[in-house]
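The residues of the chain are indexed from 1 along the displayed sequence. Whatever order the structure lists ligands and atoms in, that order sets their numbers, starting from 1.
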Amino acid sequence: MHTSFGIYIHWPFCVSKCPYCDFNSHVREAIDVDLWQKSLLADLHNIHKFSKDKVVTSVFFGGGTPSLMPPKIAEALINEIHKLWQVDPQIEITLEANPNSVESQKFSDFSKAGINRVSIGVQSLRQKDLDFLGRKHSVTEAYKAIDIAGKEFNRFSFDLIYTRPNQTLQEWESELTEALAIGTSHLSLYQLTIEQGTPFNLAYHRGDFSMPDNDKSADFYELTNKIMQDRGIPAYEVSNYARPGQECRHNLTYWHYDDYLGIGPGAHSRISLDGHKHALRRHRSPELWLQHIRDNDKILENLKIIDPTLKAEEFFMMGLRLTKGITLDRVQQEFDKPVHDILKTTKIDALIQEGLMIIDDTSIYLTPAGLIRLNKILQFLFY
Ligand SMILES: C[S@@+](CC[C@H](N)C(=O)[O-])C[C@H]1O[C@@H](n2cnc3c(N)ncnc32)[C@H](O)[C@@H]1O
Ligand code: SF4
């Protein structure tokens, strides 16, 4: 039985927009921090009515760049969460942080505010690649941020982006080996994705750079999994690696399809009410979101029941990202029927025969060959 419940807080601002990023992040010359604090607190109260009886197991400050947030806002929100909800004594409170020196100097204050885990956007340990990715921090600053994080927080993780244009397997192996020498129990390793509508999408289609083909990407993925497995930090999700017990509990809540509530621009929620899973989504624009909060308008009107087809799709889309997949008991618990009554048996059999999926006595999960084709497999299963 899953009992996790997370709260997501979105801070939508960044110093500049990275050319590969399609997250809900914005650059603004000035931010009224008092208004943002007041509005985020008001939004916490809005969502509380849906989850009064829940025990909060994790909080995640994501972005954007929430490490740009004044630590006093994080503190006010964490204190309010403690007032409004019952809180698990082992609560995980994560902050996404950029490794610019100004931000890492605030780590101590974030720690005092109650943050106990940081996820640092290092992205690369090669200066030329940080420049290519449009990052505003240096490799030296990244090392410094990790060093400070190790002293200030119980747990930290950092992100790297690989399969960069012209990157060779050997170059990635040596960079990842250097990253592992830093010593961490959690890493997020993402293959560079060219997202629609980003400057990288234009540059790529203009022919400014090329990207590895599917076979090459699979080679990078296999190498990465092998190195991480050998180091005792195996994959537990498509792009996330942890020593056993060090997995990000907040993200596990999403992948287990447990309930979570999100506040701030563009934040999503999934909440079980009256026997149905509901979705709630906030306006993506920071200014419109502020206006909705100020006018106490259109905040909850987007609360919608997720129909059974979409629910099954979301459930498997989340759970099949995990290397352990989904337990058959969990499927039964969520849908009150077995997996073969939800997914088409012919499709399951085809995936099993291709060596992409396994169903054993307890679980349904993808093999490593399946995980790298996750999106195609989901398309196949649901369309
Ligand atoms: C919300 S974002 C960024 C958090 C923080 N603002 C930062 O840049 O470090 C979370 C992570 O997604 C990854 N990411 C974002 N866009 C990506 C892309 N197009 N391809 C691969 N990884 C991406 C990056 O590693 C990033 O750290
Ligand atoms: S990658 Fe991070 S810092 Fe860059 S624009 Fe996106 S959210 Fe902002």
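- Lys226 and Asp230 are joined by a salt bridge, as a carboxylate oxygen and a charged side-chain nitrogen come within less than 4.0 angstrom of each other.
- Contact residues for ligand 1 (protein heavy atom closer than 4.0 angstrom to any ligand atom): Tyr20, Phe23, Gly63, Gly64, Thr65, Glu96, Asn98, Gly121, Gln123, Arg135, Asp159, Ile161, Tyr190, Gln191, Leu192, Thr193, Glu195.
- Of the charged side-chain nitrogens involved, none lies within less than 4.0 Å of a carboxylate oxygen, so that Glu75 and Lys72 do not count as a salt-bridged pair.
- Salt bridge absent: Glu314 and Lys277 never bring a charged side-chain N and a carboxylate O closer than 4.0 Å.
- The aromatic ring centres of Phe110 and Phe153 sit 6.0 Å or more apart.
- In summary, the aromatic rings of Tyr236 and His186 are positioned with their centroids under 6.0 Å apart.
- No donor-acceptor pair closer than 3.5 Å links the side chain of Gln123 to the backbone N or O of Leu133.
- Near ligand 2, heavy-atom contacts under 4.0 Å come from Cys14, Ser16, Lys17, Cys18, Tyr20, Cys21, Ser25, Gly64, Thr65, Asn98, Arg135.
- Annotation for His268 and Tyr260: closest pair O-CE1, 3.4 Å, computed over non-hydrogen atoms.
- Taking the ring axis of Phe335 as reference, the NZ or CZ atom of Lys311 stays within 45° of it and closer than 6.0 Å to the ring centre.
- Within the 3.5 Å criterion, the main-chain N or O of Trp85 finds no donor-acceptor partner in the side chain of His48.
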